[in-house]
Protein chains: 2
Amino acid sequence: MSAPFPDSPAGRPKAPAAPVAARPRGRPRKTADERDEGNRRQLILDGAARLFRAQGFDAASTRDIAAAAGMRSGSPFYHFESKNALLYAVMEEGMQRAVRSQAQALSGLDDTSPRARLAILVRHHCDILLGPAGDFVPVMLYEWRSLTPAQRAAIAQIKAVYEAPWMPVLQALYDAGALRTEPGLARLFIFGALNWAVQWYRPEGRLSLDALAAHALALFLAPE
Amino acid sequence: MSAPFPDSPAGRPKAPAAPVAARPRGRPRKTADERDEGNRRQLILDGAARLFRAQGFDAASTRDIAAAAGMRSGSPFYHFESKNALLYAVMEEGMQRAVRSQAQALSGLDDTSPRARLAILVRHHCDILLGPAGDFVPVMLYEWRSLTPAQRAAIAQIKAVYEAPWMPVLQALYDAGALRTEPGLARLFIFGALNWAVQWYRPEGRLSLDALAAHALALFLAPE
DNA sequence: CCTACCGATCGGTAGG
DNA sequence: CCTACCGATCGGTAGG
């Protein structure tokens with residue numbers, strides 16, 4: 001739970017001495033520090049997403065997040081104004097990636113049947129929630145109450161973009177009699193069923209994401 | 001967020017002087033304090049359930065919970081060993097009430113059709129989650145990670161009792177072709193769809209719990 | 001990005 | 001159940 005070493009100098013591990021090399025010729029190789037510089041912010045975001053998801057926003061300390069990124073306790077505040085701004089950044093990045101990958105999953109499939117399109121949406125949603133990079137969106141789902149009203153409004157806008165492609169698909173299935181609940185409520189129920197899997201799905205178990213998505217689809221849709 | 005008055009004596013409101021009445025004849029009327037004595041623990045539980053749900057376990061302070069029960073900051077610890085024990089007590093009470101009321105809702109309906117029994121289970125579940133007394137079980141659903149492993153095991157036992165009546169009903173519907181996903185997964189999806197309503201359902205809105213339950217049922221089950 | 005630190009808040013307790 | 005308090009931890013910051 002605590003940083004691997006205290007704030008006091010006694011506990012600080014010595015930084016490895018930088019090798020005093022002769023100045024190299026040609027294009028200067030970046031030192032490890034320079035190469036990482038652009039990634040530091042991302043390291044903080046990744047650690048924050050993981051810890052916010054595992055422990056919750058309030059229980060995850062900025063000290064632990066700093067340690068997860070290989071930094072000392074005060075350093076995250078060089079990259080983010082506050083712990084709250086860090087939470088917002090995690091959610092924003094998660095939703096923007098979700099919107100982009102969803103658009104990519106749907107691209108070129110305008111002529112596909114509503115049923116096939118819903119299958120793609122559900123399968124992609126499972127990936128976002130439960131796939132290998134899936135800490136960011138669960139944080140958005142389960143730490144919503146820690147956002148300020150202004151932050152909520154901003155994230156809600158991205159969420160609306162994410163949800164938009166679902167509605168015409170559900171409407172078409174409803175009109176065709178394959179879905180037996182009005183699209184608005186159906187979307188809430190379907191999202192609920194899938195979002196809840198964050199609580200129980202274990203990637204190392206027997207159930208693949210393909211199978212999970214297929215079973216969910218079978219539950220909601222009348223057989224062809 | 002903070003108690004209405006600080007711990008220091010300066011901020012303490014004077015307790016209303018107890019009226020010095022002549023000793024009443026007949027059965028002694030209980031004073032307000034005596035009448036409340038058995039309810040103090042319950043007052044703490046109610047306040048804790050409300051605050052744990054609204055703010056989360058970590059964000060809700062024991063000071064605020066004490067204030068919600070009309071007490072000073074240290075007093076909850078006279079009734080509960082720790083904040084964590086209070087969380088456990090909230091969840092335990094919520095689940096025990098849910099088990100009891102579910103059994104009551106099903107009593108005398110052994111001969112009813114599986115479809116009607118599922119309707120009763122779903123409708124009752126909505127009541128537990130979203131009804132007027134519905135803070136305890138949402139706390140159980142969304143603050144699970146703040147329990148110790150031993151506490152999780154204990155709550156999981158009550159959960160198992162609650163879930164038990166669902167399985168034969170889902171199995172019968174699956175066997176009859178009315179449910180198109182195996183009962184184990186179907187139960188997880190259905191619980192997810194309903195549990196997620198904690199996040200979006202507003203009792204003051206247009207949607208009644210009856211309608212909510214009916215729409216959910218229509219989504220999961222093939223038409224009769 | 002680190003050092004060294006601060007004020008605030010929190011869970012919890014001894015004693016009555 | 002209240003009083004008065006403690007130690008620990010936390011988010012955050014000035015200065016380099």
Side-chain angles (χ1 to χ4, degrees), chain A residues 1-16 18 31-44 47-48 51-52 55-88 146, chain B residues 1-16 18 31-44 47-48 51-52 55-88 146:
Chain A
M1 286 295 183
S2 59
F5 40 82
D7 278 2
S8 68
R12 192 201 178 186
K14 291 208 169 54
T31 69
D33 259 26
E34 281 168 338
R35 193 169 47 231
D36 285 350
E37 229 166 68
N39 298 336
R40 299 288 177 110
R41 189 188 140 98
Q42 192 59 46
L43 278 175
I44 297 173
L51 290 168
F52 285 159
Q55 308 178 10
F57 175 71
D58 289 293
S61 73
T62 56
R63 281 165 168 79
D64 285 349
I65 294 168
M71 295 171 177
R72 308 296 299 281
S73 68
S75 300
F77 298 98
Y78 172 78
H79 295 277
F80 298 92
E81 263 195 22
S82 65
K83 188 186 183 186
N84 197 260
L86 179 49
L87 176 66
Y88 175 79
S146 294
Chain B
M1 287 294 183
S2 59
F5 39 83
D7 279 0
S8 68
R12 193 198 176 188
K14 290 209 171 51
T31 67
D33 258 25
E34 281 167 340
R35 193 167 48 231
D36 285 350
E37 227 166 71
N39 298 334
R40 297 290 176 107
R41 189 189 140 98
Q42 192 58 47
L43 277 175
I44 298 173
L51 290 169
F52 285 159
Q55 307 177 10
F57 175 71
D58 289 293
S61 74
T62 57
R63 281 165 167 80
D64 284 348
I65 293 168
M71 294 171 177
R72 308 297 297 281
S73 67
S75 301
F77 296 97
Y78 172 78
H79 295 276
F80 298 92
E81 263 194 22
S82 65
K83 188 186 183 186
N84 198 260
L86 180 49
L87 175 66
Y88 176 79
S146 295

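Throughout, protein chains are lettered first and strands after them, A, B, ... in sequence-line order, and every chain is numbered starting at 1.
In this structure, CD1 of A/I65 is placed 12 Å from C1' of D/dC10, rounded to the nearest angstrom. In this entry the distance linking CZ of A/R63 with C1' of D/dT13 reads 12 Å, nearest Å. Rounded to a whole Å, the CD atom of A/Q55 is 14 Å from the P atom of D/dT9. Remark: P of D/dT13 and NZ of A/K83 are 15 Å apart, rounded to the nearest angstrom. Between the CD1 atom of B/I44 and the C1' atom of C/dG12 there is a distance of 14 Å, rounded to whole Å. Distance CG (A/D58) to P (C/dT9): 15 Å, rounded to an integer number of Å. Regarding A/F77, its CZ atom lies at a distance of 19 Å from the P atom of C/dA4, rounded to whole Å. Distance A/E81 CD to D/dG12 C1': 12 Å, rounded to the nearest Å.
Here the shortest heavy-atom pairing between B/A60 and B/Q55 reads CA-OE1, 3.5 Å. Residues B/G47 and B/A68 come closest through the heavy atom pair CA-CB, 4.3 Å. Taking all atoms of both residues into account, the shortest heavy-atom contact from A/T62 to A/P76 is O-CG, 4.1 Å.
Taking a pair as Watson-Crick or G-U wobble with both distances under 3.5 Å, the runs of three or more consecutive pairs in DNA chain D are C:1-16 with D:1-16.
Looking at residues two or more places apart in sequence or on another chain, you find a side-chain contact (heavy atoms from CB on, under 4.5 Å) between A/A48 and A/F52, A/I65, A/L86, A/V90. Every residue two or more places apart in sequence or in another chain that forms a side-chain contact (heavy atoms from CB on, under 4.5 Å) with B/S75 is listed here: B/M71, B/R72.
Across all strands shown, A/A60 has heavy atoms under 4.0 Å from sugar-phosphate atoms exclusively, and none from any base. Among the atoms of the strands shown, none is found under 4.0 Å from any heavy atom of A/A66.
An OP1 or OP2 oxygen of D/dG11 is reached within less than 4.0 angstrom by no side-chain nitrogen or oxygen of A/S82.
With hydrogens and angles ignored, the 3.5 Å screen pairs no side-chain donor or acceptor of B/K83 with any backbone N or O of B/S61.
Residues A/N84 and A/F57 form a side-chain contact, since some pair of their non-hydrogen atoms from C-beta on lies under 4.5 Å apart.
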